[in-house]
Amino acid sequence: MGRPVSDPPAHPLIPRREVDPRQELPPLELEVLARWHERDVFAESLRLREEAEQWVFYEGPPTANGPPGIHHVLSRVFKDIYPRFQTMRGYRVERKGGWDCHGLPVEIAVEQKLGISSKAEIEEKIGIEAFNAACRESVFAYVEDWNRLTERIGFWLDLEHAYRTLDETYIESVWWALAQIAEHDLLYEGHKVVPYCPRCETTLSSHEVALGYEDVVDPSLYLKLPVSAGEDRLLVWTTTPWTLPGNVAVAVSPTASYARARAGDEIFVVAEDRVAPVLGEQADILERFSGSELVERYGSYRGPIFAAEDREAGELPILADTFVTTEDGTGIVHLAPAFGEDDYRVAAAAPNVPFDPRNAGTLYNPVRADGTYDARTRSREGRSYEGRFVKDPVLTEELIADLRERQLLLKVEEYEHSYPHCWRCGTPLLYYAKPSWYIATSRLREQLLAANETVSWYPPHVKHGRFGDWLKNNVDWALSRERYWGTPLPVWRCKRGHVHVIGSFQELTERSGETLEDHHRPYVDDLTFPCPHTDADGAECGARAQRVPEVIDVWFDSGAMPFAQHHFPFEHRETFEERYPADFICEAQDQTRGWFYSLLAIATLMSWPAPYRNVVCLGLILDEEGQKMSKSRGNAVEPWPVLESYGADALRWYFFTSKQPWDGYRFSAEAIGEGVRLFLKQLWSTYYFYVLYAKASERELQEAQGNASPASELPDLDRWALSRTAATAELVAERLDAYDAT
Ligand SMILES: [Zn+2]
Ligand SMILES: [Zn+2]
């Protein structure tokens with residue numbers, strides 16, 4: 001690209017070009033853009049600042065498998081104004097672009113295109129190889145649209161050298177980071193309770209679950225479980241008798257009122273609200289206490305509810321948690337952590353339940369992946385339930401009869417409710433704990449909070465509000481996805497259960513003896529190597545290690561961008577170090593749980609300082625009535641027509657001036673038009689008059705050139721004008737330094 005080709009003006013204060021007072025702004029913008037393009041102005045601005053200090057911006061990568069919307073324009077104009085300002089102040093601001101390429105949204109779009117909708121179809125009909133090839137192809141389907149829009153709105157971004165999370169170099173850096181995390185013993189396999197079809201043996205996504213609700217009648221059981229000390233019995237309600245063999249505790253609401261009530265010869269403990277509905281009007285309330293007091297008073301009950309060859313009779317704890325309500329049932333629920341999300345969470349947090357979520361083997365789960373009991377669970381005659389399908393109605397009757405024989409059942413009712421079924425095969429779904437890989441971020445909570453203290457947030461309340469709260473309540477990062485199009489989880493495992501995390505492609509080649517050009521699935525799945533684990537005597541295991549099937553959460557991909565975009569630590573160490581941390585990032589406010597978090601979490605896992613210094617959060621763009629924009633409602637604003645009728649400056653001006661960006665917008669084309677009339681056109685008219693009079697005074701200006709009078713000798717009006725200019729410039733600089741464009 002060359003230097004400017006047009007002739008220099010006759011005098012620096014007299015533009016060569018005629019000014020049309022009725023100039024339409026959008027065509028003028030196109031001319032300016034063409035000139036920027038021709039002179040490669042952005043690259044030139046960097047070339048001129050080769051030696052200057054860096055001011056670093058990180059681009060939060062969008063996915064280019066769909067066209068950009070109006071909210072992308074919002075983030076892109078704010079991503080432009082501060083780097084542009086700092087460039088004007090003399091910094092070198094490189095602004096490397098980036099693209100997020102992996103993940104479920106890409107997969108779902110491809111499934112729709114191929115006319116399929118299940119993992120079984122991907123694996124059996126299409127094949128992982130062809131499916132991932134289709135994903136790769138679709139990822140950049142709209143990249144031209146994005147580039148065109150980026151250029152049209154005047155966002156200077158280095159699109160030519162944009163990083164892409166699907167690149168081999170990028171994936172290798174991510175693997176390195178995961179190996180570091182594993183080395184610090186922060187990567188582990190736990191469980192996640194998910195909706196699961198035992199026939200298809202697959203996890204269903206929330207939209208798949210929504211497809212299969214059916215009204216069914218299930219038995220609803222009122223169990224009467226004896227407390228450990230005394231004769232009182234806890235009334236426990238469940239509609240899933242098959243989960244009772246997995247019971248490890250019961251839970252009450254800490255704040256609800258509970259009663260000790262006599263009905264017949266027995267004394268029951270039940271939520272006060274539920275005494276009459278469950279025990280009848282004639283039941284006598286003897287005492288009342290809160291759920292917390294209940295826990296203190298009784299502490300435990302006699303268990304397990306079903307005998308098992310690996311469980312001894314003894315005491316099981318009563319816990320309190322706010323998820324328990326007294327709206328139906330008895331206000332006391334049974335907990336089977338393998339079969340319920342709340343059950344899992346409450347059991348994991350309870351010190352008196354022998355379950356450690358960081359140790360997958362401690363989760364008590366008597367049900368196999370095909371939905372049948374394993375050999376452990378026993379009937380009262382000591383018969384094993386092995387191989388019985390847990391939702392089989394005949395089995396349900398047997399379980400109920402067993403409980404009744406053992407005097408553990410108050411009554412059974414029919415319960416009509418809407419229950420999810422597999423939309424493919426009609427099997428009732430189970431909530432079921434599936435193995436899943438986690439990063440133990442909760443162990444770094446203090447470091448995360450400390451790193452957040454070094455960051456300036458705009459608006460400031462995000463720091464200790466939305467983001468601070470999120471960090472304070474940090475739970476371990478569920479990293480793995482049972483999917484196809486993503487960075488493969490670099491975990492290999494032998495049949496003895498030893499785990500080895502691969503940290504570079506070279507290591508994988510050395511161990512497996514094979515070299516891959518593409519480390520995505522399915523190619524990487526075929527590589528195996530002898531397990532390098534050595535036991536205490538120094539003997540090597542040597543069994544075949546195979547990769548686990550999962551890919552990783554895409555938020556880990558994008559959160560790794562500070563170093564993965566430079567293929568650090570394999571290359572460009574200095575480039576990375578000079579560009580870490582970012583001075584400025586800017587995204588939608590909901591990224592407190594997305595990219596803002598994943599950037600900070602990964603940096604903290606690497607023991608680095610916070611990856612950004614200043615964060616500008618953007619609010620939502622609603623329609624004029626304050627409704628959320630959506631394609632289905634038909635109220636989404638397309639950016640191109642707005643740009644064509646008003647121009648990019650008008651749209652930028654609207655976003656910069658109408659509100660603080662984090663307060664969100666009620667999008668109004670009228671307000672944009674008003675900005676054109678009240679500001680841009682007036683500015684243009686002022687310029688028109690200036691050029692008109694400058695040209696008329698051309699001779700005086702020529703003569704005066706080179707011998708400007710000192711300010712003290714200028715007329716008052718000129719001095720006032722200069723002073724106003726200087727004061728305005730100072731104010732603007734101060735505000736933009738404080739990330740206040742409004
Ligand atoms: Zn199914
Ligand atoms: Zn091994």
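Atoms within each ligand, like the ligands themselves, are counted from 1 in listed order.
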Trainee: Could you tell me whether the side chains of Arg544 and Thr528 share a donor-acceptor contact shorter than 3.5 Å?
Mentor: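 A donor-acceptor contact under 3.5 Å links the two side chains.
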Trainee: Which protein N, O or S atoms sit under 2.8 Å from the Zn ion (ligand 1)?
Mentor: Cys197 SG, Cys200 SG, Cys422 SG, Cys425 SG
Trainee: For the pair Asp525 and Arg547, find out whether any cationic side-chain nitrogen is under 4.0 Å from an anionic carboxylate oxygen.
Mentor: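 Salt bridge: yes.
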Trainee: Does any N, O or S atom of His533, backbone or side chain, fall under 2.8 Å from the Zn ion (ligand 2)?
Mentor: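 Short answer: no, not a single N, O or S atom is under the cut-off.
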Trainee: So, taking the atom named OG1 in Thr427 and the one named OH in Tyr196, what distance separates them when rounded to the nearest 0.5 Å?
Mentor: 11.0 Å
Trainee: Need the atom name: nearest N/O/S atom of His498 to the Zn ion (ligand 2).
Mentor: ND1
Trainee: Kindly say whether the aromatic ring centers of Trp492 and His500 come within a distance under 6.0 Å.
Mentor: no
Trainee: Can you tell which of Arg481, Arg483, Arg136, Lys119 makes a salt bridge (Lys or Arg N to Asp or Glu O under 4.0 Å) with Glu107?
Mentor: Arg483
Trainee: How wide is the angle at the Zn ion (ligand 2) between SG of Cys541 and SG of Cys494, to the nearest 10°?
Mentor: 120°
Trainee: Just one of Tyr188, Phe556, Tyr438 clears the ring-ring contact (aromatic ring centres under 6.0 Å, His included) bar with Trp477, so which one?
Mentor: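 The residue from Tyr188, Phe556, Tyr438 that satisfies ring-ring contact (aromatic ring centres under 6.0 Å, His included) with Trp477 turns out to be Phe556.
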Trainee: Side-chain donor-acceptor pair under 3.5 Å between Tyr431 and Asp342, yes or no?
Mentor: no
